[in-house]
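One structure is given below, encoded as structure tokens.
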Amino acid sequence: SSYPRKNRSRIPEEVPMSDLPEQSSVSDILAWIGQHALVVRTEAATLLRIAENLTWVRIAENEVLFRQGDSSDTLFILVSGRLHVQVVQENGEQTRVGTITPRQMVGEAEVLSGGARTETVQAEEDSLLLRLSGQVFHELGRDDPALLQNVATAVHARNRHTQLIL
């Protein structure tokens, strides 16, 4: 399977589960995300619904996952690879504020708040991610508030780290 064009400003193409047989079953995904902070204290039914609604996304080295200012309707969990996060400050200077490594989320703050993307995220190497739509996330959060609390906690921790850098 080929990678999408580099440096596109829209979300890279999704990869069907059938193209990734090594991690294609819902039970495999459940085992993997069951260890993620996103699902601590969430109900088993919520965990299953998350796994059923995840889609795979591949991005190539140097490809942009999303740009600061883009609309935000998706959160991602990095499965493999490495991403860097940067912001453009008011003076136009670009500042690297973080690195996303496997098992970390990205894009969750804006999905939670409903605002535009506050950073640009780009692949440092070929990367594989799991994508969850904001709509599904909010539906699940209404049914299981622990999910929203988990994400809010992760966002708060990341924001504190970013404030120290800026």
Side-chain angles (χ1 to χ4, degrees), residues 10-59 63-85 87 97-123 127-165:
R10 65 179 185 81
I11 293 174
E13 67 190 54
E14 292 181 7
V15 179
M17 292 287 205
S18 59
D19 285 359
L20 300 163
E22 71 278 6
Q23 295 184 359
S24 63
S25 74
V26 170
S27 62
D28 288 342
I29 303 232
L30 278 169
W32 193 83
I33 66 167
Q35 301 170 30
H36 194 279
L38 173 68
V39 296
V40 172
R41 297 181 312 275
T42 57
E43 298 174 11
T46 301
L47 184 59
L48 179 61
R49 288 176 59 201
I50 290 170
E52 291 172 340
N53 284 282
L54 291 168
T55 54
W56 293 101
V57 175
R58 285 187 187 170
I59 65 172
E63 186 173 359
V64 173
L65 181 63
F66 53 78
R67 295 183 189 283
Q68 187 172 338
D70 286 353
S71 63
S72 57
D73 63 351
T74 304
L75 66 85
F76 300 89
I77 302 172
L78 184 62
V79 175
S80 65
R82 188 174 177 95
L83 310 171
H84 69 261
V85 181
V87 297
V97 295
T99 300
I100 305 297
T101 57
R103 294 195 185 272
Q104 288 186 309
M105 284 184 292
V106 65
E108 72 280 11
E110 299 86 7
V111 168
L112 197 58
S113 72
R117 299 288 187 193
T118 58
E119 67 273 327
T120 295
V121 175
Q122 186 173 14
S127 299
L128 181 64
L129 302 99
L130 289 167
R131 174 190 182 275
L132 183 66
S133 78
Q135 178 182 350
V136 170
F137 171 77
H138 286 290
E139 289 170 6
L140 294 171
R142 278 192 294 278
D143 295 340
D144 188 351
L147 177 65
L148 295 175
Q149 180 61 44
N150 294 339
V151 173
T153 299
V155 167
H156 177 71
R158 184 169 298 148
N159 284 346
R160 287 184 54 175
H161 172 76
T162 300
Q163 287 173 351
L164 292 173
I165 292 171

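In what follows, every heavy atom counts, from backbone to side chain, and hydrogens, waters and symmetry copies are set aside.
- Taking every heavy atom of both residues into account, Arg142 and Pro145 meet most closely at O-CD, 4.5 Å.
- Between Leu83 and Leu78, some side-chain heavy-atom pair lies under the 4.5 Å cut-off.
- A donor-acceptor pair is defined here as one N or O able to donate and one able to accept, closer than 3.5 Å; no such pair exists between the side chain of His84 and the backbone of Val97.
- Ion pairing between Arg49 and Asp143 holds under the 4.0 Å rule for side-chain N and carboxylate O.
- Side-chain contact between Arg82 and Thr101 is present, with at least one heavy-atom pair separated by less than 4.5 Å.
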Audit row: Phe66, Glu119, side chain to side chain contact (heavy atoms under 4.5 Å, CB included) steps and yes/no: CA-CA 8 Å; Phe66 53 78; Glu119 67 273 327; 3.6 Å; yes
Verdict with supporting geometry, Val79 and Trp56, side chain to side chain contact (heavy atoms under 4.5 Å, CB included): CA-CA 9 Å; Val79 175; Trp56 293 101; 3.6 Å; yes
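- With rounding to the nearest 0.5 Å, the separation of CD1 in Ile59 from CD in Gln122 is 8.5 Å.
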Stepwise side chain to side chain contact (heavy atoms under 4.5 Å, CB included) check, Val57 with Leu128: CA-CA 6 Å; Val57 175; Leu128 181 64; over 6 Å; no
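- The minimum heavy-atom distance between Thr120 and Val64, with the atom names listed, is CG2-CG1, 4.1 Å.
- For the pair Ser127 (side chain) and Ala123 (backbone), a donor-acceptor distance under 3.5 Å is absent.
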Steps toward side-chain hydrogen bond (donor to acceptor under 3.5 Å, both in side chains) verdict (Gln68, Thr118): CA-CA 5 Å; Gln68 187 172 338; Thr118 58; over 6 Å; no
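- Not one N or O on the side chain of Asn53 forms a donor-acceptor pair closer than 3.5 Å with the backbone of Ile50.
- Under the 4.5 Å side-chain criterion, counting only non-hydrogen atoms from C-beta, Leu132 is not in contact with Thr74.
- Closest approach of Pro102 to Ser80, counting heavy atoms only: CG-CA, 4.0 Å.
- With hydrogens and angles ignored, the 3.5 Å screen pairs no side-chain donor or acceptor of Gln135 with any backbone N or O of Ser133.
- At a threshold of 4.5 Å between non-hydrogen side-chain atoms, the residues Leu65 and Leu129 count as touching.
- With hydrogens and angles disregarded, no donor-acceptor distance shorter than 3.5 Å links the side chain of Ser72 to the backbone of Arg117.
- Atom CZ in Phe76 sits 11.5 Å away from atom CG in Leu54 (nearest 0.5 Å).
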Gln104/Ile77 under side chain to side chain contact (heavy atoms under 4.5 Å, CB included): CA gap, chis, key distance, verdict: CA-CA 6 Å; Gln104 288 186 309; Ile77 302 172; over 6 Å; no
